[in-house]
S.K.: 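If you scroll down you'll find the structure; I have some questions about it.
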Amino acid sequence: MVAGNWKMNTTVAEGIALAGAVCAAAAPADGVDVAVLPPFTHLWAVHSVLQGTGVRLGAQDVYWKDAGAFTGEISPAMLAGWCDLVLVGHSERRHLFGERDDEVGKKFVASLAHGLEVILAVGETSDERDAGQTFAVVDRQLDAVFAQLEGAPGLDSWVIAYEPVWAIGTGRTATPEQAQEVVAHIKQHVRDRLLADSPRVLYGGSVTAANAASLFAEPDIDGALVGGVSLRAEEFGVIIAAAAPRDSA
Ligand code: PGA
């Protein structure tokens, strides 16, 4: 899976054009689950562009209530039925906007309840890594979500994105070995806690056309969540091609 998080970039017109270019760039890569996550203002228009292309549509965030006096928020009920995915727990939401682990859990559960596939982002800061807390941090972030799953609908459509905060937008990509180590830990943690198979786990943080293939060569890395480079369709297309199953080439 390769998902492009556009963050707060592009006008609506630019986003429509970018979505078209991504579809063209993604078309040759069979067997890769491709998604774009434009800003909320673009979603409806981009939804039309993606029709029939196989490229899926995602939102970058969501609130956990269905409706009500929550000025500025978007609910999962508003996205349900036409938007495929929603990203929750991105490090920019956690660190710039003070989102807590339990709030991420509420967003996760509410999105599943509306049939949206959820990409749950987790990851440590550089201080946490230096202090040897990487595994403890991702475990805490995952457990805060799992704590809210009781009575929630089945966990059949979700994805985890491991995104070390120090690698996001910094050009300082985790080495394939560093990423593999944490992704393997995450999968084991999910199996231990949920007594079920782990979903796909993506890596995110300064993924480029140049480093994608070496990340995807690791046994547990199932794709990428791409920020900056997802705004450049051709380069994004190279990342998608690098994710194509080897036997389909
Ligand atoms: P980046 O962002 O690729 O620009 O580092 C990744 C992300 O935030 O998902």
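One is the number of the first residue; the rest follow in order along the sequence.
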S.K.: Quick one: does S198's side chain have a donor or acceptor within less than 3.5 Å of a partner on R191's backbone?
M.R.: no
S.K.: Is the shortest side-chain heavy-atom distance between S157 and V118 below 4.5 Å?
M.R.: no
S.K.: For D101, is there an ion pair with R94 - N to carboxylate O distance below 4.0 angstrom?
M.R.: yes
S.K.: Who passes salt bridge (charged side-chain N to carboxylate O under 4.0 Å, His left out) against R93, sequence neighbours left out?
M.R.: D61, E99
S.K.: Just by distance, do the side chain of Q148 and the backbone of D102 share a donor-acceptor pair under 3.5 Å?
M.R.: yes
S.K.: Would you please classify the geometry between the H189 ring and the F146 ring as parallel, tilted or perpendicular, with 30° and 60° separating the classes?
M.R.: parallel
S.K.: Any salt bridge linking E181 with R129? Criterion: basic side-chain nitrogen under 4.0 Å from a carboxylate oxygen.
M.R.: no
S.K.: Are the side chain of T53 and the backbone of C23 linked by a donor-acceptor contact shorter than 3.5 Å?
M.R.: no
S.K.: With side chains defined as the heavy atoms from C-beta onward, is the minimum distance between L116 and L79 less than 4.5 Å?
M.R.: yes
S.K.: Whether the side chain of E117 engages the backbone of W158 through a donor-acceptor N/O pair (distance < 3.5 Å, no angle test) should be reported.
M.R.: no
S.K.: Would a 4.5 Å heavy-atom cut-off, applied to side chains only, mark K7 and I168 as touching?
M.R.: yes
S.K.: Do F108 and W64 have ring centres separated by under 6.0 Å?
M.R.: no
S.K.: Please verify the inter-ring angle class for H185 with F135; under 30° counts as parallel, over 60° as perpendicular, anything in between as tilted.
M.R.: parallel
S.K.: Using modelled atom types and a 3.5 Å cut-off, is there a donor and acceptor pairing between side-chain atoms of H90 and backbone atoms of A121?
M.R.: no
S.K.: Does this structure show an ion pair linking E103 with K106, if we count only N-O contacts that are shorter than 4.0 Å?
M.R.: no
S.K.: For residues 1-27, which residue pairs qualify under ring pair (Phe, Tyr, Trp, His ring centres under 6.0 Å), counting only residues two or more places apart or in two chains?
M.R.: none
S.K.: When you measure from the side chain of Y203 to the backbone N and O of F216, does any donor-acceptor pair fall under 3.5 Å?
M.R.: no
S.K.: Is there side-chain contact between Y162 and V138, with at least one heavy-atom pair below 4.5 Å?
M.R.: yes
S.K.: Determine whether a donor-acceptor pair (N or O, by modelled atom type, separation under 3.5 Å) exists between the side chain of E128 and the backbone of Q133.
M.R.: no
S.K.: Where do N211 and T173 land on the side chain to side chain donor-acceptor pair (under 3.5 Å) test, with the steps shown first?
M.R.: CA-CA 8 Å; N211 61 31; T173 320; 3.0 Å; yes
S.K.: List the steps, then state whether side-chain contact (heavy atoms from CB on, under 4.5 Å) holds for D139 with I186.
M.R.: CA-CA 7 Å; D139 290 354; I186 286 171; 6.0 Å; no
S.K.: Salt bridge between D33 and R56, side-chain N to carboxylate O under 4.0 Å?
M.R.: yes
S.K.: Atom CD of residue position E234 - does it have more than 12 heavy atoms of other residues, nucleotides or ligands inside 6.0 Å?
M.R.: no
S.K.: Hey, is the main chain of F40 close enough, under 3.5 Å, to the side chain of W44 for a donor-acceptor pair?
M.R.: no
S.K.: State whether D220 and R200 are salt-bridged, where the test is any N-O pair (Lys NZ or Arg NE/NH1/NH2 against Asp/Glu carboxylate O) under 4.0 Å.
M.R.: no
